[in-house]
Every structure is written in structure tokens, then in C-alpha cells.
A.B. asks: 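Before I ask anything, let me first share the structure, which is written out below as C-alpha cells.
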Amino acid sequence: MNTNSRTPDASTGASGASTTHGTHPTTHDDDAPAATPTVRLTLRSTRLWLLIGLAAVFAAAAQAVGPIVVPIGAAAVTLLPMIWGLLAGAFASGQRIRPLPVDLQQAANVVMGIAVLVLGARLAFTIGPSIPMLLDAGPALLLQEVGHLFGTILVALPLAVLLRMGPATIGATFSIDRETSFAMVSERYGSDSPQYRGVLSMYVYGTIFGALVVSLVASLAASLGIFDPRALAMGAGVGSSSMMAAGAASIVAAHPELADQAVALASTSNLITSVLGLYIGVWVSLPLADRCYRLLTGNRETDPKPKTESAPEPQSTTATAPTTTQVPLWTTTAIVAGIGLLVAAVAAHRFSWSMLACYAVLSTLVLAGLGAARVTRGRLPAVVVVITLGALLTSPMSPAADWLAEVGESVDILTVITTLLTIAGLSLGKDLPMLRKIGWRIIPVGTTAIIASFTLSTVAAEFALGLWG
């Protein structure tokens, strides 16, 4: 397991953040190698401004292009701005003519660690107002979440191991990998790990094709007539708004008389999956996926081409020396907030002081989460603290709820994701060999994960409705 790369968490605290590229061979004391070179980048570093400029330009341009709908027969696939930002960043960092220097790619990894926590804080703004709805959820809605939370591990993980997807299997199959998955896997394994690349691959696949897959499966299941339409509606709440909407639309098309009830059940189920998925993901699903992966592989990393990697090309052994890149925490926070403000302004076609206030609150939540993680020495993950605090502050019981709701509306959550994935793209150049190993495998694995989540949740909901109605 690759844990050499760390994002800003309890181990880095307020003093800074670092990421390490490469591995250290085991040596004796008398022939120990020299200390790993360290590069520290701050806002006074000209090189860091190159990274900031590329991220800002790519993210803003992607947002300006906007979504593009690609028809596929009777269906359609929507390519959101986040995809353009990711592709632009990946091209800049991975092209062979003049790729982004490795130390700047590592710096992008560090910045991405803060960006995923900012995304978690923004997601909390959508959770808080819905807490009363969660408390009122019946046993059927709660029990069917078992299918969402564990269906991917039971079905998709063994398939990924069979296809020799490597440690990326863990990140790609512990859930259907929506927004909070970035923070969960980043904090446990680091944003430079195979597990994180698995999350990224599954997220992109689900963003592009997830709604189409759920729509087709829901339509087929509804036409068979073997499930209660209410169970199908609960199953559609897989934790993604686009997938939920597509699944609910297919169910409503088959059962128009239950339109309002189906949409309400699907929306509530989707919310429960998003909220419970964080806590169960951190403490249950992700550790379980790791354990299952180790069990199925015999504690060996399954590599698609192990023989090829065991004999690398001669130049690869000398081209890149192990280095450590450090970026202070305050610097990374300022970078994410600055680029995020620019992208939010482009999306809204104007700048407002509410956007600045929103990012100030998001940054404060992130710093509080990192501080709590440091104090508890990582026992309390920063992402859990960030989202829990954010949800409580925006819940109806909070005196600041109305104001936070107002400033939160000024920053569309999709703009935060565009910022995150653009920065992620700028870190991918050094990891292209790893992503090639995943390659086509994410298509059957991702499709299976989404279908398994929907199907097993529907079965659990059918059972629960039989017991409680």
C-alpha cells in the first residue's frame, strides 16, 4: 500500500503539508543514502505561481465552457465543466513536450488535500437543513441503505481483483465514489496513492455514465414487475443527485400514479446515503474494502503487468530522484479559496461578497477539522469533523443557519468540484502509468458497482417494506 504521500492532516497540522514522490530502498547504516531533497514552496515562490495560474485559468475556462450534452440514442450524456478542468490539467501535467515539473505536480497533490476538505464543508451546507427529514426516516428507508453501503464491496470488489486492477480496487469499490469519497480516501491513504486514483477514476466514470446506467437498470427492473415501485425508488437513492434523478424518472415513467411518492422516497434515500455514507465509509466500508482486498489477494498487490514493472526501463531509474514538496497550510488554503472564488464568479457571471464570506466559513471549517485531527492524532478524521460541524451550523437549530444558507447559495457546489478536479488533473502526469493500469477496467467495475448498489438496496427495501410497510 502506498502511504508515502500524505495530504494535510493531523500529521502536518498548521505548520505545513508535504508529499513524497518515490520510495526509499532498504539499506544498512553504513551505506545509507543522502537525505531526501525537500522543496518548500510558498506564495513568494515563482514556481508555485505557475501552478496557481494554470489551475485558475483551466478551472475558469472549464466553467466558462459549461456543460455539453452528448446524445446517445434515446439517452444523453452530460459532460460537466469539471471534466474539462480535469482533462486540461492532466494534459498540461502529462504531455511529453514540456510537462509540468514533478515538484509542482506534488504541490498540486498537497493543495488537493485541502480542496477535498473544502468540498466536504460545502456539502455539509446541503446536509444541515435536511437533518429533521433524516430523523423522521422510517425503518425501511434506513434498512435499505445496507445495499447502498455494501453492495459495491460484495460484487464489484471481487470483479476488480479478478481484473487485476491493483490497490486502486479499494478506492474504486468501497462505494460508488461520490464527492465525500475523495476526502475519506485522501485522509487514509494520501492523495498520491493508487487508492485515491481509484476514487478519481470511479468518480469520473460515474459522473459521465452513472445516470445512464441507473436509468437503464431502473427502467428494466420496473418493467419486470417483481419489485414494489417504492422499493425501486429507495434503491435509486445511490448517493448521487444525477443518478437518483435518472432512476426516479424511469420509475415514474413506469408508475406515473406514484410520481410524487417515488420522487420523495428517492430524494430521502439519496440524502440518507450521502450522510450515512460518510460515517460508515470512514469507519466501516473503507476498512472493510481494504481487508477484503487483502484477503482476496493474499496481501499481495495485484498488478496488471507485474513482470513489466519489475524490470523498468533504464532511464526510469535515474530520471526522477525521490523528492519531498512542502506547501504551508495557510498557503494551500488561500490557493483553494482564491481559485474557488474565481470559478464561482465565472459561473454566476458576477462577484459578490457572499462568495467571499462563504469561502471564509469553508476555510474556517477546514482549519478546525485539521486542528481536531491533529489534537486527536488522527483518531477523529478531519473530514468527519468538517462535515459534522458544517451540518450542525446549517441545521434548523443553529442561529446562524439562515445566514449560512444565504452565503452558501452564492457558491454552487459544482464550482467547488470543478476547482478540485482541475487541481487533481495537474497532479496526474506522474501517475499516468498507474491510471493506464486501471484503463478499461473501470468500465466493467464501475458499471457493476452502480448496478450492485441499486439492486441490493432495492432488495433490502423490498424486504423492509414486507416487514414494516
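Basis for what follows: all heavy atoms, side chains included, without hydrogens, waters or symmetry-related copies. Residue numbers count from 1 along this sequence.
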A.B. asks: May I ask you to test the Leu329-Ile114 pair for a side-chain heavy-atom distance under 4.5 Å?
C.D. replies: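 A side-chain contact exists here, since the closest heavy-atom pair is under 4.5 Å.
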
A.B. asks: Is the shortest side-chain heavy-atom distance between Met244 and Ser267 below 4.5 Å?
C.D. replies: yes

A.B. asks: Where the side chain of Thr126 meets the backbone of Leu123, is there a donor-acceptor pair that is under 3.5 Å apart?
C.D. replies: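 Yes; at least one donor-acceptor contact below 3.5 Å.
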
A.B. asks: Between Thr173 and Tyr293, is there a side-chain donor-acceptor contact under 3.5 Å, judged purely by atom types and distance?
C.D. replies: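 The answer is no; no qualifying pair exists.
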
A.B. asks: Would you name the heavy atoms of Ser181 and Ser175 that are closest together and state the gap between them?
C.D. replies: OG-OG, 3.3 Å

A.B. asks: Could you go through Phe209 and Ile443, starting from their C-alpha distance and side-chain angles, then the distance that decides it, and tell me whether this counts as side-chain contact (heavy atoms from CB on, under 4.5 Å)?
C.D. replies: CA-CA 9 Å; Phe209 298 107; Ile443 298 176; over 6 Å; no

A.B. asks: Just by modelled atom types, is the Gly171 backbone N or O under 3.5 Å from a matching donor or acceptor in the Gln195 side chain?
C.D. replies: no

A.B. asks: Using modelled atom types and a 3.5 Å cut-off, is there a donor and acceptor pairing between side-chain atoms of Ser215 and backbone atoms of Ala211?
C.D. replies: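 Not at all, since once roles are kept as given, no pair shorter than 3.5 Å links the two residues.
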
A.B. asks: Is there a side-chain contact between Tyr189 and Ile170 (heavy atoms, below 4.5 Å)?
C.D. replies: yes

A.B. asks: Between Leu157 and Leu296, is there a side-chain heavy-atom distance shorter than 4.5 Å?
C.D. replies: yes

A.B. asks: Is Ser363 reaching over with its side chain to a backbone N or O of Ala360, donor-acceptor style, under 3.5 angstrom?
C.D. replies: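 No; zero donor-acceptor contacts below 3.5 Å.
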
A.B. asks: Using side-chain heavy atoms (C-beta onward) and a distance below 4.5 Å, is Phe182 in contact with Tyr196?
C.D. replies: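 Yes, close enough: below the 4.5 Å cut-off.
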
A.B. asks: Can you find a pair of side-chain heavy atoms, one from Phe125 and one from Val411, that are under 4.5 Å apart?
C.D. replies: no

A.B. asks: With rounding to the nearest 0.5 angstrom, report the OG to CG distance, Ser219 to Leu232.
C.D. replies: 10.5 Å

A.B. asks: Please report the interatomic distance CG(Leu154) to OG1(Thr152), rounded to the nearest 0.5 Å.
C.D. replies: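 Between Leu154 CG and Thr152 OG1, I get 8.0 Å after rounding to 0.5 Å.
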
A.B. asks: Looking at OG1 of Thr207 and CE of Met202, how far apart are the two atoms once the value is rounded to the nearest 0.5 Å?
C.D. replies: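 It comes to 9.5 Å.
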
A.B. asks: Nearest 0.5 Å, please: how far is CG in Leu80 from CD1 in Ile68?
C.D. replies: 10.5 Å

A.B. asks: Does the pair Gln106 and Ser427 meet the rule for a side-chain contact (heavy atoms from CB on, under 4.5 Å), with working shown?
C.D. replies: CA-CA 6 Å; Gln106 294 172 342; Ser427 74; over 6 Å; no

A.B. asks: Is there a donor-acceptor pair under 3.5 Å between the side chain of Thr455 and the backbone N or O of Ala452?
C.D. replies: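 No; zero donor-acceptor contacts below 3.5 Å.
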
A.B. asks: If you define the side chain from C-beta out and look only at heavy atoms, does anything of Ile417 sit under 4.5 Å from Leu119?
C.D. replies: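 When only atoms from C-beta onward are counted, Leu119 and Ile417 do touch, with a gap below 4.5 Å.
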
A.B. asks: Within the distance-only criterion (no hydrogens, no angle test), does the side chain of Arg441 pair as donor or acceptor with the backbone N or O of Met165 below 3.5 angstrom?
C.D. replies: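 Not at all, since once roles are kept as given, no pair shorter than 3.5 Å links the two residues.
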
A.B. asks: Donor-acceptor pair, distance only, cut-off 3.5 Å: does the side chain of Ser93 make one with the backbone of Ala90?
C.D. replies: yes

A.B. asks: Using a 3.5 Å distance criterion without hydrogens, assess whether the side chain of Thr448 forms a donor-acceptor pair with backbone atoms of Pro444.
C.D. replies: yes

A.B. asks: How close do Arg197 and Lys430 get, counting heavy atoms only, and between which atoms?
C.D. replies: NH2-NZ, 3.6 Å

A.B. asks: Check for a donor-acceptor pair, side chain of Gln63 on one end and backbone N or O of Pro81 on the other, with a separation under 3.5 Å.
C.D. replies: no

A.B. asks: To check you understand the geometry: which heavy-atom pair defines the closest contact between Ser457 and Met234, and what is its length?
C.D. replies: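 Looks like OG-O, 4.0 Å.
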
A.B. asks: Do you know the tightest heavy-atom contact between Ile153 and Cys292?
C.D. replies: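 For Ile153 versus Cys292, the nearest heavy atoms are CG2-SG, 4.2 Å.
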
A.B. asks: Before you tell me yes or no, could you show the steps for Ile450 and Val238 under side-chain contact (heavy atoms from CB on, under 4.5 Å), namely the whole-Å CA-CA distance, both residues' side-chain angles and the distance that decides it to 0.1 Å?
C.D. replies: CA-CA 8 Å; Ile450 295 171; Val238 295; 5.6 Å; no

A.B. asks: State, to 0.1 Å, how close Thr418 and Thr422 come at their nearest heavy-atom pair, and which atoms those are.
C.D. replies: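 Of all heavy-atom pairs spanning Thr418 and Thr422, the closest is O-OG1, 2.7 Å.
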
A.B. asks: Below 4.5 Å, heavy atoms only, C-beta onward: do Leu288 and Phe174 meet side chain to side chain?
C.D. replies: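 Side-chain contact under 4.5 Å: no.
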
A.B. asks: Shortest non-hydrogen contact from Thr458 to Gly235?
C.D. replies: OG1-CA, 3.6 Å

A.B. asks: Under the criterion side chain to side chain contact (heavy atoms under 4.5 Å, CB included), which of Asn270, Val213, Ile176 is the partner of Met243?
C.D. replies: Ile176

A.B. asks: So, the side chain of Ser186 versus the backbone of Ala183: is there a donor-acceptor pair under 3.5 Å, distance only?
C.D. replies: no

A.B. asks: How many angstroms lie between atom OG of Ser398 and atom CG of Leu389, to the nearest 0.5 angstrom?
C.D. replies: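 Going from OG on Ser398 over to CG on Leu389, the span is 11.0 Å.
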
A.B. asks: Would you call the rings of Trp283 and Tyr279 parallel, tilted or perpendicular, taking 30° and 60° as the class edges?
C.D. replies: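 Answer is parallel, since the angle falls under 30°.
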
A.B. asks: Once rounded to the nearest 0.5 Å, what's the spacing between atom CG of Leu414 and atom CZ of Arg122?
C.D. replies: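 Leu414 CG to Arg122 CZ: 9.5 Å, rounded to 0.5 Å.
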
A.B. asks: Would you please test Phe454 and Ile451 for side-chain contact (heavy atoms from CB on, under 4.5 Å) and show each step?
C.D. replies: CA-CA 5 Å; Phe454 173 83; Ile451 294 175; 5.9 Å; no

